[in-house]
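Here is the naming used below: chain letters follow the sequence lines, and residue numbers restart at 1 for every chain.
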There are 2 protein chains.
Amino acid sequence: MFSKACEYGIRSCIYIANQSLNSKRPSIKEIAKEVGSPEPFTAKILQKLVKNNIIESIKGPSGGFFINVENIHSIILRDIVFAIDGPGIYKNCGLGMKECSEVKPCPIHNQFKIIKNGLKEMLDTTNLHQLTLGLENGMTFLKTENCDL
Amino acid sequence: MFSKACEYGIRSCIYIANQSLNSKRPSIKEIAKEVGSPEPFTAKILQKLVKNNIIESIKGPSGGFFINVENIHSIILRDIVFAIDGPGIYKNCGLGMKECSEVKPCPIHNQFKIIKNGLKEMLDTTNLHQLTLGLENGMTFLKTENCDL
DNA sequence: TTTATTAGATGATATATATCATGTTAAATA
DNA sequence: TATTTAACATGATATATATCATCTAATAAA
Ligand code: FES
Ligand code: FES
């Protein structure tokens with residue numbers, strides 16, 4: 001579905017958003033740890049997100065990554081996915097033809113369109129703030145820890 | 001969504017099914033051409049499908065690939081996807097955690113579940129026969145040709 | 001204003017996926 | 001039975017994706 005980079009990117013954004021709401025500014029090291037992603041890879045992904053104005057960063061001691069509270073409400077999943085994976089998930093054909101097209105549809109086009117519309121709907125209407133809610137009260141998780149004691 | 005191998009596999013199956021309904025037995029060369037897939041790669045994929053009893057084959061002159069008419073109705077998309085990509089699409093977490101789980105859900109789990117259920121539904125209820133119908137009357141296509149004259 | 005700290009930039013390496021090439025085996029037919 | 005045809009098996013190569021390593025630049029605090 002999403003690339004690994006995109007998965008890590010979304011998870012990182014959710015973590016950063018949640019920390020930002022608590023007036024904190026996590027470092028790459030902390031983010032990678034809490035999200036369960038490889039640190040150098042995560043660094044690269046976060047840079048891209050900064051370039052795309054999804055998240056912001058400050059260098060130096062006590063630096064780190066953050067998201068403006070207003071933006072936490074306006075940033076939707078699509079923004080993150082597009083920044084990392086591009087619009088392929090919106091435009092690709094389910095059977096890998098050049099593009100998904102109504103005039104030259106593949107055999108599964110009609111069935112697949114329904115799925116894809118659902119996916120679009122979800123990416124378009126889910127914002128970062130919603131995704132942080134479950135984290136606070138321990139209903140949702142950002143990594144599968146190896147030890148559950 | 002699906003791997004390239006799986007996309008080619010599905011397209012090949014649809015083509016073979018359609019030809020089988022017309023009592024024909026296409027060769028790898030023909031299938032690859034009609035489906036727009038690289039021939040040697042397609043060969044490998046078809047072998048896998050034979051091993052998994054999705055399609056059948058006959059060697060030698062006038063040999064080729066075919067599917068029993070009864071099977072054309074009973075083979076569903078899931079069979080093909082599982083044979084090539086495995087059950088990941090049913091079990092993976094949308095954010096790449098070890099597995100999709102109700103007891104340790106990721107932040108997008110609830111929204112994603114809806115999408116995934118739709119996808120499951122589609123893979124479980126769509127059989128090869130349905131997918132051949134549009135081919136016959138030119139409503140659907142298996143490849144994007146470069147020249148549309 | 002020096003030093004420690006942390007992000008940024010860039011390129012190298014590894015791994016997975018996709019693609020290609022070669023030789024082998026089964027079956028039809030001349 | 002010899003010959004041709006086409007699938008089968010296996011391994012090599014290429015490409016994309018994921019991961020790591022190194023150095024640079026900015027900034028906060030000593
Ligand atoms: S053309 Fe294949 S999904 Fe639309
Ligand atoms: S746990 Fe992530 S989709 Fe179910």
Would you say the side chain of B:I108 lies within less than 4.5 Å of the side chain of A:M122, judging by non-hydrogen atoms?
yes
Is there a donor and acceptor pair closer than 3.5 Å between the side chain of A:K4 and the base of D:dT19? no
B:E30 CD to D:dT5 P, in whole Å, measures 16 Å
So NZ of B:K48 and CD1 of B:I45: to nearest 0.5 Å the spacing works out to 9.0 Å
Double-helix bend of the helix from C:dT1-D:dA30 to C:dA30-D:dT1, axes at both ends from 5 pairs, round to 10°, gives 0°
Separation of C:dG11 atom P from A:F41 atom CZ, nearest Å, is 18 Å
Rounded to whole Å, the CZ-P distance (B:R25 to D:dA6) equals 11 Å
From OH of A:Y8 across to P of D:dT17 the rounded distance in Å is 15 Å
Is a side-chain N or O of A:R25 found less than 3.5 angstrom from the main chain of A:S62, in a donor-acceptor match? yes
Next on the checklist: Tell me if the NZ atom of A:K24 is crowded by more than 12 foreign heavy atoms within 6.0 Å.
Outcome noted: no
Evaluate the ring planes of A:F41 and A:Y8, with Trp represented by its six-membered ring, and classify them as parallel (under 30°), tilted (30 to 60°) or perpendicular (over 60°). perpendicular
Between B:Q130 and the options B:T132, B:T126, B:N127, the side-chain hydrogen bond (donor to acceptor under 3.5 Å, both in side chains) test singles out B:N127
B:E39 atom CD is separated from D:dA6 atom C1', nearest whole Å, by 11 Å
From NZ of B:K24 across to P of D:dA6 the rounded distance in Å is 15 Å
Side-chain atoms of residues 28-39 of chain A: list all donor-acceptor pairs with protein atoms under 3.5 Å, sequence neighbours left out, distances to 0.1 Å.
unit_1 : atom_1 : unit_2 : atom_2 : d
A:E30  : OE2    : A:Y15  : OH     : 2.5
A:S37  : OG     : A:T42  : OG1    : 2.7

Between CD1 of A:I28 and C1' of D:dC20 the distance, given in whole Å, is 13 Å
Under 4.0 Å between any heavy atoms, over every strand shown, what does A:P38 touch: base, sugar-phosphate, or nothing? Just pick one.
sugar-phosphate
**Prompt:** Within a strict 4.5 Å, meaning less than it, do heavy atoms of the A:I80 and A:L128 side chains meet?
**Reply:** yes
Check: For the base of C:dT19, is there a side-chain donor-acceptor partner from B:K44 under 3.5 Å away?
Finding: yes
Within residues 46-67 of chain B, those residues having any heavy atom closer than 4.0 Å to DNA chain C are B:K59, B:G60, B:P61
Measure from the side-chain N and O atoms of A:K116 to the backbone N and O of A:N92, and report whether any donor-acceptor pair falls under 3.5 Å. yes
To the nearest angstrom, the CZ-C1' distance between B:R11 and C:dA18 comes to 14 Å
